[in-house]
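Side-chain atoms are counted along with the backbone in the values below, which use heavy atoms only and exclude waters and symmetry mates. We name chains A, B, ... by the order of the sequence lines, and we start the count at 1 in each one.
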Amino acid sequence: MAGVTVKQVTKSFGPINVLEKLDLDIQDGEFVVLVGPSGCGKTTLLRMIAGLEPVSDGNILIGARDVTWAAPKDRDIAMVFQSYALYPHMTAAENMSFGLKLNKLPKKEIETRVAEAARMLKIEHLLSRKPRELSGGQRQRVAMGRAIVRRPVLYLFDEPLSNLDAQLRTSMRTEIKRMHLAEKKTVIYVTHDQIEALTLADRIVAMNRGEIQQIGTPDDLYNRPASIFVASFIGSPGMSFLTGEITPASSAKGQIFINTERGKEALSLPPLWTKGLPVEETPVLVGLRPEALTYDPEGAGFGLDIMVNVIEPCGAEVYVIGEVAGREITARCTPGKVPPLGAPARFLIDPDQIHIFDANSERSLRP
Amino acid sequence: MKLGGLTTILALMLGTAAPALAAGDVCKGSDINILMETVPDTDALSSIKGEFEKAHDTKVNIEAVNYSLMHEKLVPSLTASTSSYDVLIVDSYWVGEFKTAGWIQDLDSLIARDKVDTSVYFPSLMALNGKVQGKTYMLPFWHYAMGILYRKDIVEDPAFQAAYKAEFKRDWRVPATLEEFDEVVKWSGKYKNMSGIAMAGQRSDPVVMEATNYLFGEGGDFYDRKTWKPTIASPEAVKAVSIYADLIRNAAQPGALGANFDDVANTLKQGKAIFAISYLFLYPTLQDPKDSTVVDKMMFAPVPGKDSFLGAWGWAIPSNAKNTGCSWEFIKWVESKDVAYKRAMAGGQPSQSWIYKDPAFIKKWPVMAQVGTALDHSKGLPIMSRSTQLVETFAEVMGSVLADNVAPKDALEASEGKFGALVKGDPLLK
Amino acid sequence: MTVTTTLNHQAGKRRNWAQYVFLAPTAIVLTLVVAAPLLYSVYLSFQTYIITYGMGDFAGFGNYQSVLADDFGSVSWVTLKLTFLCVTIEFFVAFGLALLLNQPHLPGRQFYLIILLTPILMTPVAIALMFRLMFNPSLGIVNWLIGGLGIPPQGWFGDPHLALGTVVFVDVWTETSMMLLMLYAGLKSMPMEPVEAARIDGANRFHILRYVVWPLMRPVIMVTLLIRMIAALKSYDLIYMLTQGGPGKETETISFYAYRLGFRFLDIGQAAAVSFILLIVVIALTLFLLRVMREN
Amino acid sequence: MIGESRWVQWASHLILGTASALVLLPLLWVLRTSFVDKVVAYRMPPDLFFTPTLDNYRAILLEFDFGTFFLNSLIIALVTTVIALVIGSLAAYAIDRFRTGGPVVPVAILATQMMPPIVLVIPFFLIFKRVGLADTHAGLIITYLTFNLPYVVWLMMSFFKRVPRELDEAALIDGAGFFGVFWHIILPAALPGIGAAGVLSFVLCWNEFLFALMLSGQETKTLPVAISSLVTQQGTAIGAVCASTVLAIAPMVIIYFAIRKLLVAGLSLGAVKG
């Protein structure tokens with residue numbers, strides 16, 4: 001049984017540090033998703049854990065063992081690649097049993113494991129086919145099977161679903177989740193898709209430009225994003241941001257100013273926020289998820305006049321995309337209660353659902 | 001030379017031991033490898049080599065290649081520690097080079113030991129392809145005397161002769177000077193509406209062998225053979241080259257500039273030309289009904305003018321031969337009267353003068369009767385260490401005249417320096 | 001823990017070390033069979049070495065001076081002309097054929113491809129002999145065929161004005177197929193979407209060729225051209241078999257000149273000097289080729 | 001294509017047909033000449049009807065030692081190709097996957113391939129005669145590696161490049177070692193490429209002329225040199241030349257047809273798809 005510890009790991013390509021002094025602790029049996037835009041270093045981190053990429057500095061431990069310099073085969077891991085990386089000259093069964101053969105498992109045992117995995121993944125009928133005779137989803141299953149039969153202490157997934165179409169992706173996602181629930185093995189999963197991260201992860205590691213922005217449960221990341229990056233990356237449709245500022249006077253009153261069509265308007269903050277407000281003058285961004293806005297033409301309370309540009313019906317909800325003081329903003333409505341297109345409409349803001357970020361440091365001002 | 005000397009001593013030691021050995025034993029276990037040119041003489045030898053193999057319990061391997069390959073194949077072998085070839089045939093203009101480089105053995109002691117009679121050979125051949133600086137390195141194998149090959153049936157046709165008389169105001173005769181040859185060839189080609197002459201203007205060897213006849217015919221030469229000053233720009237040489245160029249431009253078969261002797265022979269065989277100045281050894285193939293449409297229609301006459309060009313081949317033993325005794329045994333056998341005669345009858349070009357007096361031989365190859373005269377008025381290329389390069393250099397001169405239209409006088413004068421450089425420091429010429 | 005780390009560290013190193021074992025045989029072989037003779041050749045080019053006389057004195061740049069003063073200019077010019085003509089003609093023929101063969105719905109294109117690629121298999125020696133037979137002025141079928149069109153017989157390889165052109169013809173016959181193969185493979189691997197997009201945008205054949213195929217194929221074309229050019233610069237077999245450099249020096253290339261100096265004149269020093277100059281030209285072109293390849 | 005005018009197809013067929021005829025007719029002419037004797041071969045206008053003769057084939061097979069030369073070519077080309085494939089693909093793997101030796105190595109190898117053979121033949125000539133490698137199969141095999149090995153390395157590099165790196169990584173994680181990855185995964189995945197490289201390298205060796213001309217002798221003469229020696233001053237044995245040309249091309253043609261698909265597949269991109 002093994003957790004993973006990444007200690008002060010630095011990765012540089014030539015003079016460029018892709019990752020710098022990174023720390024990460026993953027518990028045994030935990031499903032951790034590394035998420036972030038492409039180029040954020042998440043795949044590099046995964047490959048270093050796999051032993052495919054040498055570490056420039058620092059240590060990586062699997063369980064209690066320092067594997068920083070161990071060959072991949074000595075790490076007791078399995079990996080599922082984005083491109084599946086099935087051996088083109090081997091059948092599905094051979095692909096799955098290759099690693100077991102190399103580890104000199106008895107033939108009987110290999111057959112049992114392959115059969116078991118095939119049953120679990122519902123690919124029994126595909127075992128004798130070569131990869132080129134398989135569809136994308138089937139290849140994906142074989143690649144999963146190849147990982148499962150190894151019974152490793154640690155699974156690594158590198159964007160395993162990104163080459164599948166939307167429907168398959170959803171069902172494979174469930175499959176992976178089920179597998180994890182059944183096996184209780186540690187999983188590190190890399191994706192740039194925040195939905196996958198939210199649905200699969202026990203904990204999410206949000207990364208940007210080689211830095212870990214936030215580590216936390218999906219709930220933490222959605223409801224308590226630590227930075228503008230996390231806030232805008234997680235959630236769909238994404239969070240909208242309005243500009244505003246905090247002055248010493250507003251800070252004292254527990255208020256912030258938001259730039260609206262009508263100029264600066266003061267918003268009184270709930271107690272959660274007031275404790276941490278800076279006392280000096282600070283430009284801020286106010287983050288609003290679509291559900292923080294309610295269409296209410298006559299409602300009282302703090303509201304915004306949004307110029308409605310686009311209306312997107314999405315079944316159970318309708319998204320309204322509009323503009324406030326030159327900034328785009330998205331609000332959620334219920335069908336049947338939608339403002340008219342092309343005119344300003346009044347939306348109320350739920351002050352408990354706002355997020356405030358320092359516009360310079362981009363960090364959350366949540367105390 | 002050290003190696004050569006050593007081998008000679010070795011050969012002498014072998015020689016003193018020889019009486020104790022039966023002749024067959026010398027060759028036991030060693031094959032004889034020879035590099036030869038694909039010419040009738042090679043075929044003639046191939047057909048009887050079995051006799052030697054039987055008598056000496058050995059094997060004679062003849063590698064027959066295109067002439068242009070021979071020198072390039074021999075040099076690597078000769079410069080190696082042991083030769084791939086046990087017996088060499090040496091072209092007359094390689095003699096100096098091979099001697100200077102120490103690639104061939106002095107045969108005098110072997111000749112003396114076995115009392116081989118070298119007086120059976122034409123003296124001119126012996127001088128050209130036997131002795132260098134007084135020592136015998138080779139026994140003449142065959143010669144390539146050159147002369148006019150012409151269509152007897154055409155020139156003896158009364159209509160042709162009448163037209164000839166009308167044109168030149170004299171009875172038909174084989175041209176005696178190159179100027180006359182030039183005129184007659186051009187006229188007869190026009191008259192018969194075919195190529196007046198088949199020529200081989202390809203470099204290097206073909207054009208040089210042919211043009212040297214013109215040079216010698218006019219009385220010119222490459223060098224003054226006493227002082228070794230180049231005489232290549234002499235008026236005679238300019239005249240010779242001009243005539244050659246005139247003929248190749250105005251009377252030869254199309255593409256003569258890229259032709260070799262093969263093409264000359266084929267042009268004649270297909271009945272497309274009247275004259276050629278070429279090798280007598282082509283004669284047997286002109287007489288081959290499988291190949292030729294001019295069987296019994298060709299005749300041979302000496303090259304007009306002063307001298308013709310003579311080349312010859314000789315037998316030699318490489319200094320690095322594996323088994324000198326056996327090589328010598330083979331040369332003795334192949335040049336024995338009996339074998340020489342058989343080769344001659346099979347279509348070879350004998351180098352021993354007595355064969356030409358043999359009635360049966362002349363009856364079989366009547367054209368050979370002319371050879372004596374040809375050999376009397378012929379000379380070879382100078383024997384010098386770099387005569388292969390002399391051929392290349394002359395080919396370059398001819399090329400610039402024929403292909404680039406440089407005036408013969410200019411081209412020849414421009415080449416004097418190169419000819420001079422070739423003899424500089426040559427140990428054979430001191 | 002410390003012990004484990006060191007051991008593992010070595011394991012990582014071993015993987016690094018193995019790659020050198022993989023490269024070693026090739027590196028050693030190439031050093032022995034290419035670098036060593038090459039250095040020897042450079043050494044020879046500074047020696048007076050005529051085989052007949054044996055190794056002479058140090059010659060300095062004497063050999064270089066001699067060949068540059070002698071025929072080097074003329075043979076370079078011939079080599080240049082030959083290379084330019086062959087490569088240009090072969091490229092246009094091959095590219096045209098490749099484009100025609102790349103029409104997905106043309107029946108019989110596999111059949112054409114098979115035939116058009118056959119010259120790759122043939123030894124240039126045999127090809128040369130074949131064409132010498134056919135271009136033979138008095139006995140060849142070509143003169144007979146053009147005679148049917150009322151053209152008088154030509155000297156071809158023996159005609160100073162036609163020799164180079166005839167050699168080019170044979171070279172085109174021989175080498176176009178290799179170029180065709182490379183360009184055809186390039187076209188096959190070219191993404192079809194841009195072509196289809198252009199068709200939908202209303203481009204005609206010429207537009208597609210000019211604005212889509214050509215830019216997409218440019219890297220392949222550049223590399224193909226350069227590779228062929230380097231090969232043409234060192235071509236030797238055809239000249240040796242077809243003309244031996246004649247008539248005159250009309251078709252004498254640098255390679256053949258070096259060969260003639262070395263194995264006819266037996267002047268190893270000068271031959272080495274000529275071949276070394278050729279080598280410098282080829283290396284310069286190779287480096288250029290690599291730059292082009294890297295840019296693309 | 002849809003909407004293609006008919007004349008484009010006609011024109012394509014016309015051009016391709018003419019080109020094919022230009023390639024094919026000389027070959028057919030050679031084939032014909034190999035079955036006639038010399039008088040017929042050189043007769044113009046050519047006889048349309050002639051009595052075919054096997055004399056030329058008989059001559060080259062019985063008198064000319066064709067078998068020996070054929071065998072020489074075969075041995076030399078095969079051995080060289082095998083050596084080049086074995087050590088060349090190892091090197092190509094190291095270079096492609098690990099940039100072993102840095103960017104200089106592929107450049108140096110390419111430069112070697114571009115080396116004019118005339119540069120090498122002079123020193124080889126002098127060295128071989130000193131160490132006794134002249135006129136041996138081994139000697140020619142060594143010299144053939146000079147152009148063959150770099151050629152194979154470059155071809156194999158491009159084929160390996162198309163084998164996705166993830167395959168190596170998957171195998172590494174599956175427990176394969178460095179050599180295991182190469183042997184179990186890369187080689188099989190690049191098999192069509194290896195086939196193509198093998199054939200191309202074989203053809204290159206089979207047709208080589210200059211090295212063979214200068215460094216082979218009676219014992220080791222290869223087919224091209226043997227064929228070239230059929231041109232004699234006294235008469236090109238034109239029938240024999242054609243007959244041996246036919247016999248020299250024949251094995252190439254057979255190989256070509258046997259692996260044609262492999263060749264085109266190996267040479268066009270996308271041969272190796274995961």
Side-chain angles (χ1 to χ4, degrees), chain C residues 15 18-20 22-23 25-26 29-30 33-34 37-38 40-41 44 97 100-101 103-106 112 114-116 118-126 129-131 133-134 139 141 144 181 185 188-189 230 234 236-237 241 255 258-259 262-263 268 271-272 275-276 278-279 282-283 286 290, chain D residues 1 9 12 15-16 19-20 23-24 26 29-30 42 44-46 87-88 90-91 93-95 98 100-101 107 109-112 114-120 122-124 127 142 145-146 149 153 178 203 207 209-210 214 224 227-228 231 238 241 245 248-249 252-253 256 260 267-270:
Chain C
R15 198 180 130 204
Q19 54 174 307
Y20 294 102
F22 272 41
L23 184 63
T26 295
V29 166
L30 285 183
V33 302
V34 179
L38 193 68
Y40 188 41
S41 175
L44 287 172
L97 292 175
L100 291 178
L101 285 171
Q103 301 175 91
H105 299 290
L106 189 77
Y112 290 128
I114 292 172
I115 292 176
L116 291 172
T118 33
I120 293 180
L121 310 169
M122 298 181 61
T123 159
V125 173
L129 286 176
M130 183 172 95
F131 280 105
L133 164 67
M134 292 197 297
L139 313 164
I141 189 163
W144 178 75
L181 181 64
K188 285 256 114 178
S189 64
I230 291 167
K234 48 184 200 183
Y236 166 84
D237 308 13
M241 292 306 298
S255 275
Y259 172 83
F263 297 108
I268 295 293
S275 69
F276 192 60
L278 174 64
L279 179 69
V282 168
I283 284 181
T286 307
L290 281 164
Chain D
M1 276 190 223
Q9 268 213 6
S12 301
I15 296 168
L16 288 170
S20 302
V23 169
L24 213 51
W29 185 246
V30 167
Y42 279 146
M44 286 301 141
I87 69 174
L90 285 172
Y93 177 62
I95 295 168
F98 302 97
T100 309
V107 176
I109 289 176
L110 183 68
T112 325
M114 298 301 176
M115 183 93 57
I118 191 74
V119 179
L120 293 174
I122 294 166
F124 269 135
I127 295 167
I142 288 171
L145 284 175
T146 58
L149 182 55
V153 172
F178 188 77
V203 170
N207 292 340
F209 181 61
L210 178 58
M214 289 320 302
I227 293 174
S228 79
V231 186
I238 196 64
V241 167
T245 302
I249 302 171
M252 296 290 108
V253 173
Y256 178 48
R260 180 170 51 80
L267 280 174
S268 38
L269 293 165

Would you check, one step at a time, whether the test side chain to side chain contact (heavy atoms under 4.5 Å, CB included) holds for Leu23(C) with Phe98(D)? CA-CA 10 Å; Leu23(C) 184 63; Phe98(D) 302 97; over 6 Å; no
If one checks every heavy atom of Ile283(C) against chain D at 4.5 Å, the contacting part turns out to be neither
Contact part of Phe209(D) toward chain C, heavy-atom cut-off under 4.5 Å: side chain, backbone, both or neither? both
For Val33(C), is it the side chain, the backbone, both, or neither that has a heavy atom closer than 4.5 Å to a heavy atom of chain D? both
Say you draw a straight line from CG of Leu24(D) to CD1 of Ile114(C); how long is it, rounded to the nearest 0.5 Å? 11.5 Å
Check the angle between the aromatic planes of Phe22(C) and Phe178(D) and answer parallel, tilted or perpendicular using the 30° and 60° thresholds. perpendicular
For residues Ser20(D) and Leu116(C), report the shortest heavy-atom separation together with the two atoms involved. N-CD2, 3.8 Å
What part of Tyr259(C) gets within 4.5 angstrom of chain D, counting heavy atoms only: side chain, backbone, both, or neither? both
For residues Ile15(D) and Leu97(C), determine if any side-chain heavy atom of one lies less than 4.5 Å from a side-chain heavy atom of the other. yes
Selection from Ile122(D), Ile127(D), Ile142(D), Val153(D) maximising heavy-atom pairs under 4.5 Å formed with chain C: Ile122(D)
Shortest non-hydrogen separation from Pro116(D) to Val282(C) and the atoms involved: CG-CG2, 3.9 Å
Need one label for Val30(D): side chain, backbone, both or neither, based on atoms under 4.5 Å from any heavy atom in chain C. side chain
Nearest heavy-atom approach of Ser12(D) to Gln103(C) is OG-NE2, 2.9 Å
Gap separating the CG atom of Leu30(C) from the CG atom of Leu149(D), nearest 0.5 angstrom: 4.5 Å
Can you tell me how far apart CG (Leu101(C)) and CG (Leu16(D)) are? Round to the nearest 0.5 Å. 5.0 Å
Tell me if a side-chain donor or acceptor on Thr26(C) pairs with a main-chain N or O of Ile87(D) at a distance below 3.5 Å. yes
Under a 4.5 Å heavy-atom cut-off, does chain D meet the side chain of Val34(C), its backbone, both or neither? both
Where on Val119(D) is there a heavy atom nearer than 4.5 Å to chain C: the side chain, the backbone, both, or neither? both
Count the heavy atoms of every other residue, nucleotide or ligand shown that sit under 6.0 Å from OH of Tyr112(C), and state whether that count exceeds 12. yes
Under the 3.5 angstrom rule, does the side chain of Asn207(D) hit a backbone N or O of Leu121(C) as a donor-acceptor pair? yes
At a 4.5 Å cut-off on heavy atoms, which part of Ile249(D) comes close to chain C: side chain, backbone, both, or neither? side chain
Mind checking the CE-CD1 spacing from Met241(C) to Ile227(D)? Nearest 0.5 Å is all I need. 9.0 Å
Considering all heavy atoms of both residues, which atom of Ile115(C) and which atom of Val23(D) are nearest to each other, and what is their separation? O-CG1, 3.4 Å
All heavy atoms of Lys234(C) vs all of Met115(D), minimum pair found to be NZ-O, 3.5 Å
